[in-house]
Student: 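Below is the structure I would like to discuss, written out as structure tokens.
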Amino acid sequence: MSLVVEPTPVDVETTSFISYPNAFRVDAQMPGGPVTQVFNGGDYWVRDRRGVRQADEPVADQIRGTIQRDVI
């Protein structure tokens, strides 16, 4: 028997900071605690309950995509 759990939507409060042309920061209040994602001139890092670390490549790809869009 297989149990399928449907995802439940969650509202997440975020604050975005942009410094054109090549830096941004997003702070999010996630259910598991605060998360910060930063892009600064090619450097990518994440801070969450596990600490601060260089972003893994899939996360870095997501961050690269975000800097290509104007979030305002």
Side-chain angles (χ1 to χ4, degrees):
M1 179 178 180
S2 168
L3 177 63
V4 177
V5 178
E6 293 295 320
T8 303
V10 176
D11 289 331
V12 176
E13 182 179 329
T14 62
T15 304
S16 299
F17 304 90
I18 302 171
S19 178
Y20 290 108
N22 64 352
F24 82 92
R25 171 181 169 156
V26 176
D27 294 327
Q29 295 301 318
M30 304 295 286
V35 174
T36 299
Q37 293 182 338
V38 173
F39 169 83
N40 187 10
D43 293 324
Y44 310 95
W45 59 268
V46 176
R47 179 178 65 191
D48 60 15
R49 60 189 167 99
R50 295 178 291 170
V52 177
R53 66 194 176 287
Q54 183 101 15
D56 296 332
E57 198 55 37
V59 174
D61 286 342
Q62 175 190 357
I63 294 171
R64 280 187 204 99
T66 301
I67 198 65
Q68 299 302 315
R69 296 185 298 273
D70 190 341
V71 295
I72 297 176

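Note that the numbering runs from 1 along the sequence shown for the chain.
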Student: Kindly write out the residues that satisfy side-chain contact (heavy atoms from CB on, under 4.5 Å) with Val12, not counting sequence neighbours, or none if the list is empty.
Tutor: Val10, Thr14, Ala28, Met30

Student: Using the ring of each side chain (for Trp, its six-membered ring), is Phe39 parallel, tilted or perpendicular to Tyr44, with breaks at 30° and 60°?
Tutor: tilted

Student: When Ile, Leu, Val, Met, Phe, Trp and Tyr are grouped by side-chain heavy atoms lying under 4.5 Å apart, directly or through other members, which residues fall in the same group as Trp45?
Tutor: Val38, Val52

Student: Taking salt bridge (Lys or Arg N to Asp or Glu O under 4.0 Å) as the test, write out the residues that go with Glu57, two or more places apart.
Tutor: Arg64

Student: Test of understanding: with side-chain hydrogen bond (donor to acceptor under 3.5 Å, both in side chains), list the residues that count as partners of Asp27, not counting sequence neighbours.
Tutor: Arg25, Thr36

Student: May I have all residue pairs that pass salt bridge (charged side-chain N to carboxylate O under 4.0 Å, His left out) and include part of residues 29-42, sequence neighbours excluded?
Tutor: none

Student: Not counting sequence neighbours, which residues clear side-chain hydrogen bond (donor to acceptor under 3.5 Å, both in side chains) with Arg50? List them please.
Tutor: Asp48

Student: Give me the atom names and distance for the closest heavy-atom approach of Gly32 to Arg49.
Tutor: O-CD, 3.5 Å

